[in-house]
Undergrad: 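One structure, pasted below without further comment.
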Amino acid sequence: MSLGEFDLIAKYFDRPARRAALGIGDDCALLAVPPGMQLATSCDMLVEGRHFLSTVAPERLGHKALAVNLSDLAACGAEPVAFTLALALPSADELFLDGFSRGLLALADAHGCELIGGDTTRGPLNICISIFGQVPMSPGAGALLRSGARAGDELYVSGKLGDARLALEAFRGTLMLAGEDFDTVRCGMELPQPRVALGLALRGVATSAIDLSDGLLGDLSHVLQRSGVDALVDVDAVPRSTVLRAQPLAVQRLCTLSGGDDYELLFTAPPGRAHQVSAAGIATGLTLTRIGRIVQRAGPRQEAHIGLVDADGRAVLHASASFDHFRA
Ligand code: ADP
Ligand code: MG
């Protein structure tokens, strides 16, 4: 590398610690967890060709690498505190590093989440972020989990689903989009907005939550599996953009139900908390849409079942596979 490892860290990633007791530069960073709080931690890896295309602008890649981790904290109702960055780079490409670090640190600043350490090495481009957040140790209003959905709960989703998958299909050449529409859905894919404020607002309101990274049906089935329940989903109620609505129904359903990379929150809440749910939507400026409900699992079945219906209540058939990195 022309720019040495330590110069690179100093130039692009080392900034004074504000929240951490000790940031970059020592063998460990130090983080204090306030009394009554639990540490929430998650880790996500981004590999070129699998999680992002080589065409993505470095600034957007920096944004997305952190966004997917913030989205995990959001799903747990945790407040972001800090993160570490393990980075493998083919070379010390300063054009790349400049854009990447700007996109990454801008989103970090927007969420008050600081970079406290990492590791840097030469190798095929690979980005691995570990993130740390805090959540109160409170029985009724602590971390949101996948395991809390109960029969009778309503099922909600934030924002709109499917644009990221639509953009991916356009990149793959399986469909054509007008230039402006392509730019719009491309933003959905490359600049996801983690729903951190919503996760915080749903503590004590939602009974379960998950962020949508692998597609609605696949991620919903994780919640159902952990909670031991089934669900009914109205596929026509799933919110989608006007760009996606212009596509054939089969494309709309593929993108909204099995899309992936949405980074919206899917959550459940009892009907009696509907007004608290809408208050959370208003407080965060997000559209929250009721797309179905949780039902009891019939019989001793191990596998979760998702019943799909359309607006007229007719059963809908859909291959419910979610995005699987070892199959796709
Ligand atoms: P060690 O050899 O003890 O693992 P390094 O020499 O790899 O430490 O790193 C020096 C310091 O720089 C450490 O504090 C480490 O956390 C930090 N660091 C290394 N790479 C990055 C990075 N990509 N982003 C932020 N901090 C980094
Ligand atoms: Mg090291």
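What you see is a predicted model, and the numbers here were worked out from it, not measured in a lab.
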Undergrad: Determine whether a donor-acceptor pair (N or O, by modelled atom type, separation under 3.5 Å) exists between the side chain of Asp119 and the backbone of Ala86.
TA: no
Undergrad: I'd like to check Leu265 versus Leu144 (side-chain heavy atoms, cut-off strictly below 4.5 Å). Are they in contact?
TA: no
Undergrad: Can Arg314 and Asp310 be counted as an ion pair, charged N to O under 4.0 angstrom?
TA: yes
Undergrad: More than 12 non-hydrogen atoms from neighbouring residues, nucleotides or ligands closer than 6.0 Å to CE on Met137, yes or no?
TA: yes
Undergrad: For Glu94, I'd like to know if atom CD has over 12 heavy atoms of other residues, nucleotides or ligands within 6.0 Å.
TA: yes
Undergrad: Donor-acceptor pair, Arg19 side chain versus Ala82 backbone, under 3.5 Å?
TA: no
Undergrad: Hey, quick one: are Leu97 and Val56 part of the same hydrophobic cluster, counting side-chain heavy atoms closer than 4.5 Å, chains of contacts allowed?
TA: yes
Undergrad: Is it true that a side-chain atom of Arg60 and a backbone atom of Glu190 form a donor plus acceptor pair closer than 3.5 Å?
TA: no
Undergrad: I need the minimum non-hydrogen distance between Ser158 and Leu198, along with the two atoms involved.
TA: CB-CD2, 3.6 Å
Undergrad: Give a yes or no answer on whether the side chain of Asp181 reaches the backbone of Ala178 with a donor-acceptor pair at less than 3.5 Å.
TA: no
Undergrad: Any salt bridge linking Glu264 with Arg195? Criterion: basic side-chain nitrogen under 4.0 Å from a carboxylate oxygen.
TA: yes
Undergrad: Please tell me whether Met37 and Leu39 are part of a single hydrophobic cluster in this structure, the criterion being side-chain heavy atoms less than 4.5 Å apart.
TA: yes
Undergrad: With the side chain counted from C-beta on, respond yes when Leu73 and Phe132 share a heavy-atom pair under 4.5 Å apart, and no when they do not.
TA: no
Undergrad: Drop me the distance from Ser208's OG to Arg226's CZ, to the nearest 0.5 angstrom.
TA: 11.5 Å
Undergrad: Any side-chain to backbone donor/acceptor pair from Gln252 onto Ala246? Under 3.5 Å, distance only.
TA: no
Undergrad: Looking at Gly162, is its backbone amide N or carbonyl O close enough to the side chain of Asp262 to form a donor-acceptor pair, meaning the two atoms are under 3.5 Å apart?
TA: yes
Undergrad: So how far is it from Leu61 CG to Leu66 CG, rounded to the nearest 0.5 Å?
TA: 11.5 Å
Undergrad: Once the angle between the rings of Phe267 and Tyr156 is folded into 0 to 90°, is it parallel (under 30°), tilted (30 to 60°) or perpendicular (over 60°)?
TA: parallel
Undergrad: Check whether any side-chain heavy atom of Val238 lies under 4.5 Å from a side-chain heavy atom of Thr289, and answer yes or no.
TA: no
Undergrad: Can His51 and Asp261 be said to form a side chain to side chain contact (heavy atoms under 4.5 Å, CB included), step by step?
TA: CA-CA 9 Å; His51 301 96; Asp261 259 7; over 6 Å; no
Undergrad: Tell me if a side-chain donor or acceptor on Arg297 pairs with a main-chain N or O of Val229 at a distance below 3.5 Å.
TA: yes
Undergrad: Are Arg253 and Asp236 ion-paired here, with the side-chain N under 4.0 Å from a carboxylate O?
TA: yes
Undergrad: Please check if the side chain of Arg293 supplies one atom and the backbone of Asp153 the other of a donor-acceptor pair under 3.5 Å.
TA: no
Undergrad: For Ala231 and Ile294, which heavy atoms make the closest approach, and how far apart are they?
TA: CB-CD1, 4.2 Å
Undergrad: Which heavy atom of Gly260 sits nearest to which heavy atom of Ala164, and what is that distance?
TA: O-CB, 3.8 Å
Undergrad: Quick check for you: to the nearest 0.5 Å, what is the distance between Asp14 atom CG and Ser101 atom OG?
TA: 12.0 Å
Undergrad: If hydrophobic clusters are built from ILVMFWY residues whose side chains come within less than 4.5 Å, do Ile306 and Leu216 share one?
TA: yes
Undergrad: So Ile131 and Cys113, do their side chains get closer than 4.5 Å, heavy atoms only?
TA: yes
Undergrad: Go through Leu125 and Leu89 one step at a time and tell me if the side chain to side chain contact (heavy atoms under 4.5 Å, CB included) criterion holds.
TA: CA-CA 5 Å; Leu125 184 56; Leu89 291 171; 3.7 Å; yes
Undergrad: Decide yes or no on side chain to side chain contact (heavy atoms under 4.5 Å, CB included) for Ser213 and Tyr263, but give the supporting numbers first.
TA: CA-CA 6 Å; Ser213 53; Tyr263 301 105; 3.6 Å; yes
Undergrad: Is there a donor-acceptor contact under 3.5 Å from the side chain of His111 to the main chain of Glu79?
TA: no
Undergrad: Would you say the side chain of Leu244 lies within less than 4.5 Å of the side chain of Val185, judging by non-hydrogen atoms?
TA: no
Undergrad: Can you name the closest pair of heavy atoms from Glu169 and Leu254 and give their distance?
TA: OE2-CD2, 4.4 Å
Undergrad: Would you mind reporting whether Thr256 and Val235 have side-chain heavy atoms less than 4.5 Å apart?
TA: no
Undergrad: If you define the side chain from C-beta out and look only at heavy atoms, does anything of Arg186 sit under 4.5 Å from Phe171?
TA: yes
Undergrad: Starting at CZ of Phe13, measure out to CG of Leu85 and round the result to the nearest 0.5 Å.
TA: 5.0 Å
Undergrad: What distance separates Ser42 OG from Asn69 CG, expressed to the nearest 0.5 Å?
TA: 5.5 Å
Undergrad: Considering non-hydrogen atoms only, spot the tightest contact between Leu224 and Ala304 and give its length.
TA: CB-CB, 3.5 Å
Undergrad: CG/Leu115 to CG/Leu104 distance, rounded to the nearest 0.5 angstrom?
TA: 6.5 Å
Undergrad: Would Tyr12 and Leu105 show up in the same hydrophobic cluster when neighbours are defined by side-chain heavy atoms closer than 4.5 Å?
TA: yes
Undergrad: Taking Val196 as the starting point, is it possible to reach Leu202 by hopping between hydrophobic residues whose side chains are less than 4.5 Å apart?
TA: no
Undergrad: Would you say Glu48's side chain and Pro124's backbone share a donor-acceptor pair under 3.5 angstrom?
TA: no
Undergrad: Considering only heavy atoms from C-beta outward, does the side chain of Thr184 approach that of Ser241 to under 4.5 Å?
TA: no
Undergrad: Walk me through it: do Arg203 and Val135 pass the test side chain to side chain contact (heavy atoms under 4.5 Å, CB included)?
TA: CA-CA 9 Å; Arg203 279 199 319 235; Val135 64; 3.9 Å; yes
Undergrad: I need the minimum non-hydrogen distance between Arg290 and Ala237, along with the two atoms involved.
TA: O-CB, 3.9 Å
